[in-house]
Amino acid sequence: MSTSSTWNTSSTSRSLHIPGRLAASYGTTEAGRAWIAGLPALTAEFLDRWELRRDGEAGSGEASLVLPVLRTDGTRAALRFQLPKEETTAALIGLRAWNGDGIVRLIEHDRPSGTMLLERLDGARTLASVEDDDTAMTILAGLLRRLVAFPAPKELRGLGDIAADMLERVPVAVAALADPADKQRLRTWASAVADLAGEPGDRMLHWDLHYGNVLAGEREPWLAIDPEPLAGDPGFDLWPALDSRWEEVAATGEAHRVVRRRFDLLTDALALDRGRAAGWTMGRLLQNSLWDIEDGKTALAPSQIVVGEAMAGR
């Protein structure tokens, strides 16, 4: 093994390529452009601080840069950078609390910058690669059961506040919808939330656990990634799984049946009351639709309508 100074010199000498879609996603605000401009220096700082060597080219999603690295003992890891915001802080809180139980392990972190050093998983193999849907959903359900078993730390935002905020925005959203049937759907989903809002729950939710956010690993066959932790009822955590591989679900011509099958697998695995879980799933449909309407949409998304219809009578 080379000395620390040699290790660091070799690791910072290569130029950093910032993927275009990451630069584009942050290019709409001054703060985002400044963060992108500072990424090369930030990368060099943490490669040196944590004695890491680059082990490949950077990858990204729309919100984060991920750099494969090696630690001084040869362990493979991933250095992740994201503009500090409420969601980044929540992710750090959640990853520390879960400590690798069903989810990628946090090795080091810097809260002010939002920088994380994570165990390296196989980014090329998501749970979407498992063709049999029941098998894939059972794997996801097992991970979700482990994650929601944790009580939420007090620092996390609570579902009660989110539910109250959603209900306040419903009248304006209903007025923005063009189809009377869509207006009624939104009211129905809001009513389901109003019935449950007094008992929002206290479990730690992932908030975005779908097939694409489960990667193959070495420590375990499959592990969750990219949490957006929230304190609440596990029923509020089911919708991303129900919506996974939606184009394939819609193409079957049996989307309602697939959604109900997935819902039953999830609620059985998590031992949830199906009525409450269906109500909180409608809450996710309400949340998604409110975001869409704020973005200028005047109709509900077809996938939201299908999931809502599948929840009827659950």
Residues which pass side chain to side chain donor-acceptor pair (under 3.5 Å) with D268, listed by chain and number, not counting sequence neighbours: R274

Side-chain heavy atoms of E309 within contact of H256, under 4.5 Å: yes

Side chain to side chain donor-acceptor pair (under 3.5 Å) between D110 and S113, intermediate numbers included: CA-CA 6 Å; D110 178 71; S113 69; 2.6 Å; yes

Under the side chain to side chain donor-acceptor pair (under 3.5 Å) test, residues paired with E220 that sit two or more places apart: R146

Joint cluster assignment, L118 & W50, ILVMFWY side-chain distance < 4.5 Å: no

Main-chain N/O of R187 paired with S191 side-chain donor or acceptor, under 3.5 Å: no

Results of side chain to side chain contact (heavy atoms under 4.5 Å, CB included) for A216 - residues two or more places apart only: D122, R125, W222

Pairs touching residues 192-211 that satisfy salt bridge (Lys or Arg N to Asp or Glu O under 4.0 Å), sequence neighbours left out: none

All side chain to side chain donor-acceptor pair (under 3.5 Å) counterparts of E228, not counting sequence neighbours: none

Partners passing ring pair (Phe, Tyr, Trp, His ring centres under 6.0 Å) against W35 (at least two apart in sequence or in another chain): Y26

Distance-only donor-acceptor pairs under 3.5 Å for side chains of residues 158-168, two or more places apart:
unit_1, atom_1, unit_2, atom_2, d
D165, OD2, R169, NH1, 2.7

Ring geometry between F150 and W98 (parallel below 30°, tilted from 30 to 60°, perpendicular above 60°): perpendicular

Pairs flagged by side-chain hydrogen bond (donor to acceptor under 3.5 Å, both in side chains) wherever residues 234-253 is involved - sequence neighbours left out: D133-R245

Please report, to 0.1 Å, the donor-acceptor pairs under 3.5 Å made by any side chain of residues 296-303, with sequence neighbours excluded.
none

Test log, rule salt bridge (charged side-chain N to carboxylate O under 4.0 Å, His left out), inputs R49 and E108: CA-CA 11 Å; R49 183 190 300 189; E108 297 275 5; over 6 Å; no

Under the side chain to side chain donor-acceptor pair (under 3.5 Å) test, residues paired with S129 that sit two or more places apart: none

Qualifying salt bridge (Lys or Arg N to Asp or Glu O under 4.0 Å) pairs, either residue in residues 83-99, two or more places apart: none

Non-neighbouring partners of Y211 that pass ring pair (Phe, Tyr, Trp, His ring centres under 6.0 Å), sequence neighbours left out: none

